[in-house]
Amino acid sequence: MDKFKIKGGVPLSGELPVSGSKNAALPALAACLLTEEPVTLRRVPQVKDIATMVSLLTYSGAKADRQGGQIRVEARVLDRPEAPYDVVKTMRASSLVLGPLVARTGRARVSMPGGCAIGSRPINLHVSALEQLGAKIEQTHGYIDALAPEGLQGARIHFDRITVTGTEDLLMAAVLAHGETVIGNAAREPEVEDLADLLIAMGAKIEGAGTSTITVQGVERLHGAEHTIIPDRIEAGTFLLAAAITKGNLVVSGCDPDHISALIVKMRQAGVEITEAGSGGLRVKGPAFRARATDMTTEEYPGFATDLQAQYMAWMTVAQGISFITETIFENRFMHVQELARMGANIRIEGRQAIVAGEEGLTGAEVIASDLRGSASLVLAALIAKGESTVDRVYHIDRGYEGVEKKLAAAGARIKRVT
Ligand code: EPZ
(Lines give C-alpha, C1' and ligand atoms only; values in the text may rest on other atoms or scores of the structure.)
Protein backbone atom coordinates (compact mmCIF):
# COMPACT_ATOMS: atom_id res chain seq x y z
CA MET A 1 0.00 0.00 0.00
CA ASP A 2 1.32 3.42 -0.95
CA LYS A 3 2.47 5.83 1.73
CA PHE A 4 3.65 9.42 1.74
CA LYS A 5 6.93 10.34 3.37
CA ILE A 6 6.88 14.03 4.34
CA LYS A 7 9.54 16.23 5.91
CA GLY A 8 7.91 19.29 7.45
CA GLY A 9 8.99 22.90 7.81
CA VAL A 10 8.96 24.38 4.29
CA PRO A 11 6.67 27.39 3.58
CA LEU A 12 4.88 26.61 0.31
CA SER A 13 5.41 29.05 -2.58
CA GLY A 14 4.64 29.43 -6.28
CA GLU A 15 1.35 27.95 -7.49
CA LEU A 16 -1.07 25.16 -6.67
CA PRO A 17 -3.37 24.46 -9.65
CA VAL A 18 -6.89 23.15 -9.00
CA SER A 19 -8.37 20.27 -11.00
CA GLY A 20 -11.97 19.65 -11.99
CA SER A 21 -14.43 18.79 -9.22
CA LYS A 22 -14.77 15.11 -8.26
CA ASN A 23 -18.19 15.75 -6.70
CA ALA A 24 -19.41 17.52 -9.86
CA ALA A 25 -17.92 14.99 -12.29
CA LEU A 26 -19.53 11.98 -10.56
CA PRO A 27 -23.19 13.05 -11.09
CA ALA A 28 -22.28 14.41 -14.55
CA LEU A 29 -21.04 10.96 -15.57
CA ALA A 30 -24.21 9.36 -14.18
CA ALA A 31 -26.27 11.86 -16.21
CA CYS A 32 -24.73 10.45 -19.41
CA LEU A 33 -26.99 7.40 -18.86
CA LEU A 34 -30.04 9.60 -19.58
CA THR A 35 -29.46 9.78 -23.36
CA GLU A 36 -28.49 7.40 -26.14
CA GLU A 37 -26.41 10.16 -27.73
CA PRO A 38 -22.74 10.88 -26.89
CA VAL A 39 -21.89 13.28 -24.06
CA THR A 40 -18.39 14.78 -23.74
CA LEU A 41 -17.17 15.99 -20.35
CA ARG A 42 -14.02 18.07 -19.95
CA ARG A 43 -11.81 18.88 -16.94
CA VAL A 44 -12.70 15.54 -15.33
CA PRO A 45 -10.16 14.88 -12.52
CA GLN A 46 -8.05 11.74 -12.88
CA VAL A 47 -8.89 10.27 -9.51
CA LYS A 48 -9.93 6.78 -8.39
CA ASP A 49 -13.61 7.55 -7.79
CA ILE A 50 -14.01 8.71 -11.40
CA ALA A 51 -12.57 5.43 -12.66
CA THR A 52 -15.05 3.62 -10.41
CA MET A 53 -17.99 5.59 -11.83
CA VAL A 54 -16.84 4.89 -15.40
CA SER A 55 -16.74 1.17 -14.64
CA LEU A 56 -20.32 1.45 -13.38
CA LEU A 57 -21.41 3.08 -16.63
CA THR A 58 -19.75 0.44 -18.79
CA TYR A 59 -21.22 -2.29 -16.55
CA SER A 60 -24.67 -0.99 -17.53
CA GLY A 61 -23.77 -1.14 -21.22
CA ALA A 62 -22.45 2.36 -21.96
CA LYS A 63 -19.22 2.99 -23.92
CA ALA A 64 -16.69 5.38 -22.38
CA ASP A 65 -13.60 6.79 -24.06
CA ARG A 66 -11.15 8.73 -21.95
CA GLN A 67 -8.41 11.09 -23.16
CA GLY A 68 -6.71 12.68 -20.13
CA GLY A 69 -9.26 15.06 -18.53
CA GLN A 70 -11.85 14.45 -21.26
CA ILE A 71 -14.39 11.61 -21.21
CA ARG A 72 -16.83 10.82 -24.02
CA VAL A 73 -19.70 8.57 -22.92
CA GLU A 74 -22.21 6.93 -25.25
CA ALA A 75 -25.04 5.09 -23.52
CA ARG A 76 -26.78 3.97 -26.72
CA VAL A 77 -28.12 0.74 -25.19
CA LEU A 78 -28.31 -0.04 -21.45
CA ASP A 79 -28.85 -3.77 -21.39
CA ARG A 80 -27.85 -4.25 -17.73
CA PRO A 81 -29.21 -1.34 -15.64
CA GLU A 82 -27.45 -2.50 -12.50
CA ALA A 83 -24.78 -1.38 -10.01
CA PRO A 84 -23.15 -4.44 -8.40
CA TYR A 85 -22.06 -4.60 -4.75
CA ASP A 86 -18.40 -5.12 -5.68
CA VAL A 87 -18.32 -1.63 -7.20
CA VAL A 88 -20.79 0.12 -4.91
CA LYS A 89 -18.97 -1.01 -1.75
CA THR A 90 -15.90 0.98 -2.89
CA MET A 91 -17.81 4.21 -3.56
CA ARG A 92 -21.10 5.40 -2.01
CA ALA A 93 -21.69 7.86 -4.84
CA SER A 94 -22.58 4.82 -6.97
CA SER A 95 -26.15 5.41 -5.79
CA LEU A 96 -26.15 8.31 -8.28
CA VAL A 97 -26.96 5.88 -11.09
CA LEU A 98 -30.24 4.78 -9.46
CA GLY A 99 -32.33 7.75 -10.68
CA PRO A 100 -30.92 7.88 -14.25
CA LEU A 101 -31.20 4.11 -14.79
CA VAL A 102 -34.84 3.83 -13.68
CA ALA A 103 -35.77 7.02 -15.57
CA ARG A 104 -34.11 5.87 -18.80
CA THR A 105 -34.86 2.12 -18.80
CA GLY A 106 -37.84 1.79 -16.43
CA ARG A 107 -35.86 -0.43 -14.08
CA ALA A 108 -32.70 -0.44 -11.96
CA ARG A 109 -30.97 -2.84 -9.58
CA VAL A 110 -28.50 -1.00 -7.36
CA SER A 111 -26.59 -2.39 -4.41
CA MET A 112 -27.13 -0.57 -1.14
CA PRO A 113 -23.92 1.23 -0.15
CA GLY A 114 -23.21 -0.34 3.29
CA GLY A 115 -21.22 1.35 6.09
CA CYS A 116 -18.86 4.35 5.85
CA ALA A 117 -16.06 5.67 8.10
CA ILE A 118 -17.62 9.12 8.52
CA GLY A 119 -21.19 8.11 9.32
CA SER A 120 -24.11 5.73 8.68
CA ARG A 121 -25.01 7.60 5.47
CA PRO A 122 -28.25 5.84 4.48
CA ILE A 123 -29.90 6.57 1.09
CA ASN A 124 -33.49 6.42 2.38
CA LEU A 125 -34.15 9.94 1.06
CA HIS A 126 -33.10 8.87 -2.46
CA VAL A 127 -35.44 5.86 -2.30
CA SER A 128 -38.46 7.73 -0.91
CA ALA A 129 -38.03 10.48 -3.53
CA LEU A 130 -38.11 7.92 -6.36
CA GLU A 131 -41.14 6.24 -4.80
CA GLN A 132 -42.90 9.62 -4.83
CA LEU A 133 -42.17 9.75 -8.58
CA GLY A 134 -44.06 6.50 -8.86
CA ALA A 135 -41.24 3.92 -8.87
CA LYS A 136 -42.06 0.60 -7.23
CA ILE A 137 -39.08 -0.16 -4.96
CA GLU A 138 -38.10 -3.33 -3.19
CA GLN A 139 -35.04 -3.76 -1.00
CA THR A 140 -33.89 -7.38 -0.77
CA HIS A 141 -30.54 -9.18 -0.39
CA GLY A 142 -28.69 -5.87 -0.09
CA TYR A 143 -30.06 -4.50 -3.33
CA ILE A 144 -32.60 -1.88 -4.31
CA ASP A 145 -34.85 -2.96 -7.18
CA ALA A 146 -36.71 -0.03 -8.73
CA LEU A 147 -39.41 -0.47 -11.38
CA ALA A 148 -41.29 2.11 -13.43
CA PRO A 149 -42.28 0.37 -16.69
CA GLU A 150 -44.67 3.22 -17.64
CA GLY A 151 -42.04 5.83 -16.79
CA LEU A 152 -41.86 8.13 -13.77
CA GLN A 153 -44.52 10.69 -12.88
CA GLY A 154 -43.65 14.27 -11.80
CA ALA A 155 -44.51 15.26 -8.17
CA ARG A 156 -43.91 17.84 -5.42
CA ILE A 157 -41.16 16.41 -3.18
CA HIS A 158 -39.75 18.02 -0.03
CA PHE A 159 -36.55 16.58 1.46
CA ASP A 160 -36.68 16.09 5.25
CA ARG A 161 -33.06 17.13 5.35
CA ILE A 162 -30.72 18.57 2.74
CA THR A 163 -28.95 15.85 0.78
CA VAL A 164 -26.51 16.61 -2.05
CA THR A 165 -26.53 13.34 -4.00
CA GLY A 166 -30.19 12.85 -3.07
CA THR A 167 -31.03 16.11 -4.83
CA GLU A 168 -28.84 15.14 -7.81
CA ASP A 169 -30.37 11.64 -8.06
CA LEU A 170 -33.90 13.05 -7.98
CA LEU A 171 -33.05 15.79 -10.48
CA MET A 172 -31.75 13.21 -12.96
CA ALA A 173 -34.91 11.12 -12.54
CA ALA A 174 -37.29 14.07 -12.84
CA VAL A 175 -35.93 15.36 -16.18
CA LEU A 176 -37.45 12.35 -18.00
CA ALA A 177 -40.57 12.03 -15.81
CA HIS A 178 -44.04 12.88 -17.13
CA GLY A 179 -45.07 16.35 -16.04
CA GLU A 180 -43.69 18.75 -13.44
CA THR A 181 -41.53 17.97 -10.42
CA VAL A 182 -40.85 20.50 -7.67
CA ILE A 183 -37.95 19.70 -5.31
CA GLY A 184 -38.24 21.48 -1.94
CA ASN A 185 -35.35 21.88 0.57
CA ALA A 186 -33.00 20.99 -2.24
CA ALA A 187 -29.21 21.11 -1.82
CA ARG A 188 -27.69 24.38 -3.14
CA GLU A 189 -24.16 23.10 -3.64
CA PRO A 190 -22.30 24.31 -6.78
CA GLU A 191 -22.09 20.68 -7.89
CA VAL A 192 -25.91 20.53 -8.07
CA GLU A 193 -25.95 23.68 -10.18
CA ASP A 194 -23.24 22.29 -12.45
CA LEU A 195 -25.27 19.12 -12.98
CA ALA A 196 -28.33 21.20 -13.87
CA ASP A 197 -26.25 23.16 -16.41
CA LEU A 198 -25.24 19.88 -18.09
CA LEU A 199 -28.81 18.55 -18.08
CA ILE A 200 -30.10 21.81 -19.59
CA ALA A 201 -27.40 21.53 -22.29
CA MET A 202 -28.83 18.02 -22.94
CA GLY A 203 -32.31 19.51 -23.43
CA ALA A 204 -33.77 19.34 -19.92
CA LYS A 205 -36.13 22.00 -18.54
CA ILE A 206 -34.93 23.04 -15.08
CA GLU A 207 -35.36 26.23 -13.04
CA GLY A 208 -34.01 27.20 -9.64
CA ALA A 209 -30.88 25.03 -9.44
CA GLY A 210 -28.62 26.54 -6.78
CA THR A 211 -31.66 27.56 -4.71
CA SER A 212 -33.72 25.52 -2.21
CA THR A 213 -36.55 25.01 -4.70
CA ILE A 214 -35.91 23.39 -8.08
CA THR A 215 -38.67 23.01 -10.71
CA VAL A 216 -38.38 20.48 -13.52
CA GLN A 217 -40.65 20.06 -16.55
CA GLY A 218 -40.12 16.47 -17.73
CA VAL A 219 -39.23 15.90 -21.42
CA GLU A 220 -39.60 12.85 -23.74
CA ARG A 221 -35.89 12.43 -24.35
CA LEU A 222 -32.51 14.15 -23.92
CA HIS A 223 -29.79 14.64 -26.52
CA GLY A 224 -26.00 14.68 -26.47
CA ALA A 225 -23.93 17.63 -25.21
CA GLU A 226 -20.47 18.88 -24.26
CA HIS A 227 -19.74 20.25 -20.80
CA THR A 228 -16.75 21.48 -18.79
CA ILE A 229 -16.79 20.48 -15.11
CA ILE A 230 -16.43 23.25 -12.47
CA PRO A 231 -13.19 23.52 -10.44
CA ASP A 232 -12.90 21.41 -7.27
CA ARG A 233 -13.74 23.79 -4.41
CA ILE A 234 -12.64 21.25 -1.79
CA GLU A 235 -9.24 20.83 -3.43
CA ALA A 236 -8.98 24.64 -3.67
CA GLY A 237 -9.85 24.98 0.02
CA THR A 238 -7.33 22.29 0.95
CA PHE A 239 -4.61 24.19 -0.93
CA LEU A 240 -5.54 27.52 0.72
CA LEU A 241 -5.15 25.82 4.09
CA ALA A 242 -1.86 24.20 3.02
CA ALA A 243 -0.49 27.66 2.25
CA ALA A 244 -1.75 29.10 5.56
CA ILE A 245 -0.53 26.23 7.78
CA THR A 246 2.99 26.42 6.26
CA LYS A 247 3.00 30.25 6.48
CA GLY A 248 3.52 30.12 2.72
CA ASN A 249 2.88 32.64 -0.03
CA LEU A 250 1.38 31.22 -3.20
CA VAL A 251 -1.40 31.35 -5.77
CA VAL A 252 -4.15 28.75 -5.84
CA SER A 253 -5.06 28.86 -9.53
CA GLY A 254 -8.02 27.69 -11.56
CA CYS A 255 -10.52 27.89 -8.68
CA ASP A 256 -13.83 29.77 -8.20
CA PRO A 257 -13.48 31.97 -5.08
CA ASP A 258 -17.27 32.31 -4.75
CA HIS A 259 -17.53 28.59 -4.05
CA ILE A 260 -15.30 28.81 -0.95
CA SER A 261 -16.37 32.14 0.54
CA ALA A 262 -17.25 30.60 3.94
CA LEU A 263 -13.69 29.27 4.24
CA ILE A 264 -12.12 32.54 3.08
CA VAL A 265 -14.07 34.47 5.74
CA LYS A 266 -12.80 32.13 8.48
CA MET A 267 -9.21 32.24 7.23
CA ARG A 268 -9.20 36.05 7.17
CA GLN A 269 -10.61 36.10 10.72
CA ALA A 270 -7.66 33.91 11.74
CA GLY A 271 -5.18 36.35 10.19
CA VAL A 272 -4.52 35.12 6.66
CA GLU A 273 -4.20 37.53 3.75
CA ILE A 274 -6.22 36.29 0.77
CA THR A 275 -6.45 38.40 -2.39
CA GLU A 276 -7.70 37.84 -5.93
CA ALA A 277 -4.84 36.91 -8.25
CA GLY A 278 -6.17 37.27 -11.80
CA SER A 279 -9.12 35.24 -13.12
CA GLY A 280 -9.75 32.11 -11.12
CA GLY A 281 -6.78 32.66 -8.84
CA LEU A 282 -6.34 33.47 -5.16
CA ARG A 283 -3.08 34.65 -3.59
CA VAL A 284 -2.67 33.36 -0.05
CA LYS A 285 -0.14 34.84 2.32
CA GLY A 286 0.07 32.91 5.54
CA PRO A 287 0.42 35.08 8.68
CA ALA A 288 4.04 35.50 9.89
CA PHE A 289 2.66 35.03 13.42
CA ARG A 290 0.60 32.08 14.71
CA ALA A 291 -2.93 32.11 13.33
CA ARG A 292 -5.67 33.22 15.72
CA ALA A 293 -7.76 30.29 16.97
CA THR A 294 -11.14 30.68 15.22
CA ASP A 295 -14.27 28.65 15.92
CA MET A 296 -16.04 26.95 13.01
CA THR A 297 -19.26 25.00 12.45
CA THR A 298 -19.87 22.94 9.34
CA GLU A 299 -23.10 23.55 7.42
CA GLU A 300 -24.74 22.83 4.11
CA TYR A 301 -23.72 25.16 1.27
CA PRO A 302 -23.16 28.11 1.32
CA GLY A 303 -22.02 27.42 4.88
CA PHE A 304 -18.60 25.98 5.80
CA ALA A 305 -18.09 22.68 3.95
CA THR A 306 -17.85 19.52 6.05
CA ASP A 307 -15.29 18.28 3.47
CA LEU A 308 -12.89 21.00 4.71
CA GLN A 309 -13.43 20.39 8.44
CA ALA A 310 -10.48 18.01 8.95
CA GLN A 311 -8.04 20.18 7.00
CA TYR A 312 -9.16 23.28 8.93
CA MET A 313 -8.71 21.40 12.21
CA ALA A 314 -5.13 20.49 11.30
CA TRP A 315 -4.43 24.22 10.97
CA MET A 316 -6.11 25.05 14.27
CA THR A 317 -3.83 22.55 16.08
CA VAL A 318 -1.03 25.17 15.81
CA ALA A 319 -3.15 28.31 16.19
CA GLN A 320 -2.84 30.75 19.06
CA GLY A 321 -5.60 29.85 21.55
CA ILE A 322 -8.53 27.42 21.73
CA SER A 323 -10.97 26.82 18.89
CA PHE A 324 -14.31 24.99 18.92
CA ILE A 325 -15.04 22.96 15.77
CA THR A 326 -18.59 21.62 15.40
CA GLU A 327 -19.49 18.96 12.81
CA THR A 328 -23.22 19.07 11.98
CA ILE A 329 -23.42 17.00 8.78
CA PHE A 330 -21.86 13.62 9.62
CA GLU A 331 -22.01 11.90 12.99
CA ASN A 332 -18.54 10.35 12.92
CA ARG A 333 -16.21 12.73 11.10
CA PHE A 334 -13.42 13.05 13.69
CA MET A 335 -11.44 9.93 12.73
CA HIS A 336 -8.37 12.12 12.04
CA VAL A 337 -8.24 13.45 15.63
CA GLN A 338 -6.37 10.50 17.15
CA GLU A 339 -3.85 10.53 14.30
CA LEU A 340 -3.27 14.30 14.73
CA ALA A 341 -2.79 13.62 18.45
CA ARG A 342 0.02 11.22 17.53
CA MET A 343 1.74 14.29 16.02
CA GLY A 344 1.32 16.21 19.26
CA ALA A 345 -2.03 17.92 18.68
CA ASN A 346 -4.15 18.72 21.73
CA ILE A 347 -7.81 17.98 20.85
CA ARG A 348 -10.72 16.88 23.02
CA ILE A 349 -13.95 15.57 21.49
CA GLU A 350 -17.31 16.19 23.13
CA GLY A 351 -20.06 14.71 21.01
CA ARG A 352 -20.14 16.59 17.68
CA GLN A 353 -17.63 19.19 18.90
CA ALA A 354 -13.84 19.13 18.91
CA ILE A 355 -12.05 21.50 21.30
CA VAL A 356 -8.64 22.28 19.85
CA ALA A 357 -5.96 23.84 22.08
CA GLY A 358 -3.32 25.27 19.74
CA GLU A 359 0.27 24.09 20.28
CA GLU A 360 3.57 25.79 19.31
CA GLY A 361 4.20 23.02 16.78
CA LEU A 362 3.77 19.36 15.83
CA THR A 363 6.28 16.53 15.58
CA GLY A 364 6.60 14.01 12.74
CA ALA A 365 5.06 10.54 13.28
CA GLU A 366 3.67 7.49 11.49
CA VAL A 367 -0.05 8.01 10.95
CA ILE A 368 -2.84 6.17 9.14
CA ALA A 369 -5.49 7.78 6.92
CA SER A 370 -9.10 6.63 7.50
CA ASP A 371 -11.01 8.58 4.89
CA LEU A 372 -10.50 10.97 1.99
CA ARG A 373 -10.56 14.35 3.77
CA GLY A 374 -9.04 12.97 6.98
CA SER A 375 -6.01 11.90 4.94
CA ALA A 376 -5.66 15.43 3.54
CA SER A 377 -5.59 16.83 7.09
CA LEU A 378 -2.74 14.44 8.01
CA VAL A 379 -0.74 15.59 4.97
CA LEU A 380 -1.23 19.25 5.98
CA ALA A 381 -0.11 18.51 9.55
CA ALA A 382 2.95 16.64 8.27
CA LEU A 383 3.91 19.67 6.12
CA ILE A 384 4.65 21.62 9.31
CA ALA A 385 5.63 18.84 11.72
CA LYS A 386 9.20 18.76 13.00
CA GLY A 387 11.07 15.90 11.31
CA GLU A 388 9.60 13.22 9.07
CA SER A 389 6.09 11.77 8.98
CA THR A 390 4.74 8.72 7.19
CA VAL A 391 1.11 8.85 6.07
CA ASP A 392 -0.16 5.34 5.41
CA ARG A 393 -3.16 4.19 3.30
CA VAL A 394 -2.97 7.12 0.92
CA TYR A 395 -5.33 5.23 -1.37
CA HIS A 396 -7.91 7.29 0.49
CA ILE A 397 -6.45 10.54 -0.81
CA ASP A 398 -6.10 9.13 -4.33
CA ARG A 399 -9.86 8.79 -4.44
CA GLY A 400 -10.35 12.54 -4.62
CA TYR A 401 -7.08 14.44 -5.17
CA GLU A 402 -5.34 14.36 -8.57
CA GLY A 403 -1.55 13.94 -8.19
CA VAL A 404 -1.56 15.75 -4.86
CA GLU A 405 2.03 14.93 -3.93
CA LYS A 406 3.33 16.18 -7.29
CA LYS A 407 1.42 19.45 -6.96
CA LEU A 408 2.64 20.01 -3.37
CA ALA A 409 6.23 19.10 -4.28
CA ALA A 410 6.10 21.66 -7.11
CA ALA A 411 5.17 24.25 -4.48
CA GLY A 412 8.21 23.29 -2.38
CA ALA A 413 6.89 20.52 -0.11
CA ARG A 414 9.29 17.72 0.78
CA ILE A 415 6.87 14.92 0.03
CA LYS A 416 7.27 11.64 -1.82
CA ARG A 417 5.15 8.61 -2.50
CA VAL A 418 6.57 5.31 -1.34
CA THR A 419 5.08 2.36 -3.14
C1 EPZ B 1 -22.03 14.57 -0.70
O2 EPZ B 1 -22.29 13.32 -0.07
C3 EPZ B 1 -20.52 14.55 -1.02
N4 EPZ B 1 -20.25 13.45 -1.91
C5 EPZ B 1 -19.73 14.40 0.26
O6 EPZ B 1 -18.34 14.50 -0.05
C7 EPZ B 1 -20.07 15.55 1.20
O8 EPZ B 1 -19.43 15.34 2.43
C9 EPZ B 1 -21.60 15.58 1.44
O10 EPZ B 1 -22.30 15.67 0.19
C11 EPZ B 1 -22.01 16.79 2.27
O12 EPZ B 1 -21.59 17.97 1.68
C13 EPZ B 1 -20.52 13.60 -3.25
O14 EPZ B 1 -21.00 14.61 -3.72
C15 EPZ B 1 -20.19 12.44 -4.12
P16 EPZ B 1 -25.61 14.10 1.89
P17 EPZ B 1 -23.80 12.82 0.16
O18 EPZ B 1 -26.62 13.19 1.29
O19 EPZ B 1 -24.66 13.34 -0.92
C20 EPZ B 1 -27.87 12.17 5.63
C21 EPZ B 1 -16.08 13.84 -0.12
O22 EPZ B 1 -15.24 13.90 0.81
N23 EPZ B 1 -28.67 11.43 4.64
O24 EPZ B 1 -25.73 15.53 1.58
O25 EPZ B 1 -23.74 11.37 0.40
C26 EPZ B 1 -26.40 11.73 5.61
O27 EPZ B 1 -26.18 10.59 6.37
C28 EPZ B 1 -17.51 13.35 0.19
O29 EPZ B 1 -15.84 14.18 -1.28
C30 EPZ B 1 -29.70 10.60 5.08
O31 EPZ B 1 -29.93 10.48 6.28
O32 EPZ B 1 -24.15 13.58 1.53
C33 EPZ B 1 -25.70 12.97 6.15
O34 EPZ B 1 -25.70 12.94 7.53
C35 EPZ B 1 -17.63 12.77 1.55
N36 EPZ B 1 -30.42 9.92 4.14
C37 EPZ B 1 -26.56 14.10 5.61
O38 EPZ B 1 -27.84 13.55 5.27
C39 EPZ B 1 -30.18 10.04 2.79
O40 EPZ B 1 -30.86 9.40 1.98
C41 EPZ B 1 -26.01 14.82 4.39
O42 EPZ B 1 -25.61 13.86 3.48
C43 EPZ B 1 -29.15 10.89 2.37
C44 EPZ B 1 -28.40 11.58 3.32
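Predicted model only: the values in this text are computed from it and were never measured. Numbering of ligands and ligand atoms starts at 1, following listing order. Only heavy atoms go into these numbers, but all of them, side chains included; no hydrogens, no water, no symmetry mates.
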Under 4.0 angstrom from ligand 1, any heavy atom of Ser120?
no
For atom 18 (O) of ligand 1, grab the closest protein heavy atom and report residue, atom and distance to one decimal in Å.
Thr163 OG1, 2.6 Å
Answer side chain, backbone, both or neither: which part of Lys22 comes under 4.0 Å from ligand 1, heavy atoms only.
side chain
Quick one: which ligand 1 atoms are inside 4.0 Å of a heavy atom on Ile123?
39 (C), 40 (O)
Is Asn23 close to ligand 1, meaning an N/O of one under 3.5 Å from an N/O of the other?
yes
Can you tell whether the side chains of Asp2 and Arg417 come within less than 4.0 Å, N to carboxylate O?
yes
With sequence neighbours excluded, residues passing ring pair (Phe, Tyr, Trp, His ring centres under 6.0 Å) with Phe304:
Tyr312
Just checking, any donor-acceptor pair under 3.5 angstrom between side chains of Thr390 and Lys5?
yes
Nearest heavy atom to atom 30 (C) of ligand 1: which of Val192, Asn124, Thr328 does it belong to?
Asn124
Specify side chain, backbone, both or neither for Leu372, according to which of its non-hydrogen atoms lie closer than 4.0 Å to ligand 1.
side chain
For a quick check under 3.5 Å, do Ser377 and Gln311 share a side-chain donor-acceptor pair by atom type?
no
Could you check whether Arg188 makes a cation-pi contact with Tyr301, meaning its NZ or CZ is under 6.0 Å from the centre of the six-membered ring and within 45° of the ring axis?
no
Identified salt bridge (Lys or Arg N to Asp or Glu O under 4.0 Å) partner of Glu36 from the options Arg76, Lys63, Arg221:
Arg221
Spell out, as yes or no, whether a donor-acceptor pair under 3.5 Å connects the side chain of Gln153 to the backbone of His178.
yes
Geometry only, no angles: is Ile329 polar-contacting ligand 1 at N/O separations under 3.5 Å?
yes
Proximity of Arg373 to ligand 1 by residue part, where a heavy atom lies under 4.0 Å
side chain
Taking atom types as modelled, find out whether Glu327 and Thr306 have a side-chain donor-acceptor pair closer than 3.5 angstrom.
yes
Gln67-Asp65 side chain donor-acceptor pair, cut-off 3.5 Å
yes
Top protein contact for atom 40 (O) of ligand 1, by heavy-atom distance
Leu125 N, 2.7 Å
Hey, which atoms in ligand 1 end up nearer than 4.0 Å to a heavy atom of His126?
40 (O)
Taking atom types as modelled and ignoring hydrogens, do the side chains of Thr326 and Gln353 form a donor-acceptor contact shorter than 3.5 angstrom?
yes
Side chain, backbone, both or neither: Asp307 near ligand 1, heavy atoms under 4.0 Å:
side chain
Is there at least one pair of N or O atoms, one from Arg161 and one from ligand 1, spaced under 3.5 Å apart?
yes
Only distances under 3.5 Å count here; give the side-chain donor-acceptor pairs of residues 20-29 to other protein atoms, sequence neighbours excluded, each with its distance to 0.1 Å.
from  : atom 1 : to    : atom 2 : distance (Å)
Ser21 : OG     : Asn23 : N      : 3.3
Ser21 : OG     : Ala24 : N      : 3.0

Any nitrogen or oxygen of Phe330, main chain or side chain, under 3.5 Å from a nitrogen or oxygen of ligand 1?
no
Verify whether one side chain among Ser120 and Glu331 offers a donor that lies under 3.5 Å from an acceptor in the other.
yes
Between Glu331 and ligand 1, is there a nitrogen or oxygen pair with a distance under 3.5 Å?
no
Can Glu191 be said to touch ligand 1, with heavy atoms closer than 4.0 Å?
no
Which of the atoms in ligand 1, numbered in the order shown and given with their element, are less than 4.0 Å from a heavy-atom of Arg121?
2 (O), 17 (P), 25 (O), 27 (O)
Backbone or side-chain N or O of Gly166 under 3.5 Å from ligand 1 N or O:
no
Any heavy atom of Thr165 under 4.0 Å from ligand 1? The part involved is both
Of all the non-hydrogen atoms in the protein, which one sits nearest to atom 31 (O) of ligand 1, and at what distance?
Pro122 CG, 3.4 Å
Among all protein heavy atoms, pick the one closest to atom 11 (C) of ligand 1 and tell me residue, atom and distance.
Thr306 CG2, 3.9 Å
Just checking, any donor-acceptor pair under 3.5 angstrom between side chains of Asp371 and His336?
no
Looking only at protein heavy atoms, what sits closest to atom 24 (O) of ligand 1 is Val164 N, 2.8 Å
Does even one non-hydrogen atom of Arg333 get within less than 4.0 Å of ligand 1?
yes
Side chains of Ser19 and Glu402: any donor to acceptor distance under 3.5 Å?
yes
May I ask you to say whether Arg393 pairs ionically with Asp398, meaning some side-chain N is under 4.0 Å from a carboxylate O?
no
Please check whether Leu26 reaches ligand 1 - meaning an N/O of the residue sits under 3.5 Å from an N/O of the ligand, judged on distance alone.
no
Ligand 1 contact on Arg92 by region, counting heavy-atom pairs under 4.0 Å:
neither
